[in-house]
Amino acid sequence: MAACALRRGLLSTVSKYNKKHTHRILSVVDGSSGSEVFRPRVQCRTCALPVQQRRFMTSRPESKILETVGMFEAVKQHGKYETGQLFLHSVFGYRGIVLFPWHARLYDRDITPPLTESKPDPPGAHGSKEVKGKTHTYYQVLIDTRDCPHISQRSQTEAVTFLANHDDSRALYAIPGLDYVSHEDILPYNSAEQIPIQHELFERFLMFNPDKSPPFTSRDTLKAWQEKNHPWLELSDVHRETTENIRVTVIPFYMGMREAQNSHVYWWRYCIRLENMGSEVVQLRERHWRIFSLSGTLETVRGRGVVGREPVLSKEQPAFQYSSHVSLQAPSGHMWGTFRIERTDGSHFDVRIPPFSLESNKDDKAPPAGYTF
C-alpha cells in the first residue's frame, strides 16, 4: 500500500518536521510480477534520514524499484481541506482525494457536557448519560482502487448505497470507492501526476489545473451530482463511545423507502469503525443489537462477529471498519448494543455501541440522479 501511515508515530513525526523538511512518499513496485506491492517508506528530502514508521505489507526481495508517489504537506490544525486535496488515510493507509466537506454533529459519549446542554438517550438505551453534539468536519472522498485489495483485512471498500427508483423493491445500488473521512484522519500530500488517483469517477468529477492549489478542481459534473444527490450523500450525525480502550464510531445514513405488501419499509445504512486505542491484542467475537422502531417494536439481534468476520485489533492494525443495513416499518427508530471482545487470555468484556437515531428526513427527496450504473 502506498505510504501506509498510522496515526501513532508517523503522524506526530510528520507534524514535527513538515515546517522545515519535505518528505517524499515512496512506493515499492515488485518488478518480477508486474504488480504493485506497497510498503511505506518516507525520507526527509533535506536530511535524507528515514522517518520512523511501521511496515504493513511484505513483498519478495527481488527486483524492487522505488517510485515517488508525492510530497507530504503540512497537516491543517484549523480550517478545512479543499476539493482536490490528495491525502493518505492516517489509520487505513489508502490514497484518496477530497471531493467536498461535510459539517456533521459529533456526539462523543467520552465527553460529559453540562446537564443543561445535553441530549437525551433514546428510550431503553443502555446507560443514561446525555450527550451534546459538536460540529465536526468530515469529507466525501474517492479511494484509489489500487489500494482496495490491501485494506480488505481492515476495512470494507466503502460505498454509497441507496434504493433504486423503480418497481423492483429489492433493488439496491452502490457507488463503490466513496468514503467519509474525519478531518484528523487526513494526511495531505501533493503529486505531480495529472491523474494520481485511479477511480472510475476521478476524471468525470475532477480536472487538473496547475494554477490552483490543490491543482485539482471540480468539474461541473461533480457540482451537479453533489446538488442532485445531496440528501442521499448527506452525513449529519456521528456517534462515538469508548469502552476499555476500544472506541466505536457509528455513522448512520438514510437510504430511502419502499412499499411492500401494502406497507412502507424504510432503509438505512450504518458505517461502524472499531479502534483499539490501547496496546493489548483483542478480537471481536459477537455482536448484540437492540433495534427500536417508532411503530413500537423492539428487536434483539445476536450473532457471531460482524459481516462474517471476527477481526483482530492490535497495535499494528488497530482498526476495523464495515457497513451494514437495517430496515424498519416506521419512518424512524433507534439502535444500540454491544460487541463481545475477547482478550488473548480467553477472558471477555463488552464494548458499548453508542445509541443512534434512524431518521427518514421526511422522505420527500427526489431519487438519486446523475450517475449511470
Side-chain angles (χ1 to χ4, degrees), residues 1-5 25 27 29 34-38 40 56-57 67-70 73 81-102 138-162 172-182 185-210 212 214-230 232-235 251 253 269 271 321-323 368-373:
M1 189 187 307
C4 294
I25 308 171
S27 67
V29 180
S35 61
E36 292 180 293
V37 182
F38 299 109
F56 279 93
M57 304 192 66
E67 294 184 347
T68 300
V69 172
E73 296 178 343
Y81 297 103
E82 302 297 330
T83 295
Q85 177 65 60
L86 294 167
F87 71 93
L88 302 179
H89 195 295
S90 68
V91 175
F92 298 114
Y94 63 71
R95 288 167 289 184
I97 192 166
V98 171
L99 294 182
F100 44 82
W102 291 108
Y138 279 74
Y139 300 93
Q140 188 94 60
V141 306
L142 289 182
I143 302 174
D144 194 312
T145 57
R146 293 170 294 183
D147 293 342
C148 292
H150 305 297
I151 64 174
S152 61
Q153 294 302 313
R154 293 177 291 141
S155 174
Q156 290 178 321
T157 300
E158 287 302 311
V160 170
T161 54
F162 51 81
L172 177 67
Y173 284 90
I175 305 174
L178 284 174
D179 201 1
Y180 295 83
V181 180
S182 177
D185 287 339
I186 297 285
L187 289 176
Y189 75 94
N190 59 59
S191 171
E193 296 182 52
Q194 295 190 19
I195 307 178
I197 299 297
Q198 290 190 13
H199 189 285
E200 60 179 322
L201 295 178
F202 180 86
E203 292 185 87
R204 181 172 179 175
F205 283 170
L206 299 160
M207 59 183 173
F208 182 73
N209 187 342
K212 297 289 186 179
F216 302 96
T217 57
S218 59
R219 296 181 183 271
D220 291 340
T221 50
L222 174 59
K223 298 174 182 177
W225 182 78
Q226 179 187 3
E227 181 179 351
K228 291 179 180 179
N229 297 302
H230 181 279
W232 307 97
L233 300 170
E234 183 178 7
L235 180 154
I251 307 177
F253 299 90
R269 175 174 72 99
C271 179
Q321 180 171 295
Y322 74 97
S323 290
Y371 188 83
T372 303
F373 296 92

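All values derive from a computational prediction rather than experimental measurement.
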What distance do [X] atom [atom1] and [Y] atom [atom2] have between them, rounded to the nearest 0.5 Å?
X      : Y      : atom1 : atom2 : result
Glu73  : Phe87  : CD    : CZ    : 13.0 Å
Asn229 : Gln140 : CG    : CD    : 10.0 Å
Arg95  : Thr145 : CZ    : OG1   : 9.0 Å
His89  : Asp185 : NE2   : CG    : 4.5 Å

Less than 4.5 Å apart, side chain to side chain, heavy atoms only: is that true for [X] and [Y]?
X      : Y      : answer
Ile97  : Gln85  : no
Trp102 : Tyr139 : no
Met207 : Gln194 : no
Tyr81  : Pro101 : no
Val141 : Leu178 : no
Glu200 : Pro176 : yes
Ile143 : His199 : no
Asp144 : Tyr94  : no

Q) Is the NZ or CZ atom of Arg219 positioned over Phe205's six-membered ring, under 6.0 angstrom from the centre and within 45° of the axis? A) no
Q: Mind listing the closest non-hydrogen atom pair of Pro210 and Pro215 along with its distance?
A: CA-CB, 4.3 Å
Q: Decide side-chain contact (heavy atoms from CB on, under 4.5 Å) for Ile251 and Arg269; before the verdict, give the C-alpha distance in whole Å, the side-chain angles of both, and the deciding distance to 0.1 Å.
A: CA-CA 8 Å; Ile251 307 177; Arg269 175 174 72 99; over 6 Å; no
Q | With Thr83 via side-chain contact (heavy atoms from CB on, under 4.5 Å) - residues at least two apart | A | Phe100, Leu206, Ser218, Leu222
(Q) Going by side-chain contact (heavy atoms from CB on, under 4.5 Å), name the residues that satisfy it together with Ser191, two or more places apart in sequence or in a different chain. (A)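 So Ser191 forms a side-chain contact (heavy atoms from CB on, under 4.5 Å) with Leu86, Tyr189, Glu193, Pro196.
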Q.
Run the side-chain contact (heavy atoms from CB on, under 4.5 Å) test on Thr217 and Phe208 for me, step by step, so that the C-alpha distance in whole Å, both residues' side-chain angles and the decisive distance to 0.1 Å come before the verdict.
A. CA-CA 7 Å; Thr217 57; Phe208 182 73; over 6 Å; no
Q. Could you go step by step and tell me if Ile195 and Phe202 meet the side-chain contact (heavy atoms from CB on, under 4.5 Å) rule?
A. CA-CA 8 Å; Ile195 307 178; Phe202 180 86; 3.8 Å; yes
Q: Just say parallel, tilted or perpendicular for the rings of Phe253 and Tyr180, cut-offs at 30° and 60°.
A: tilted
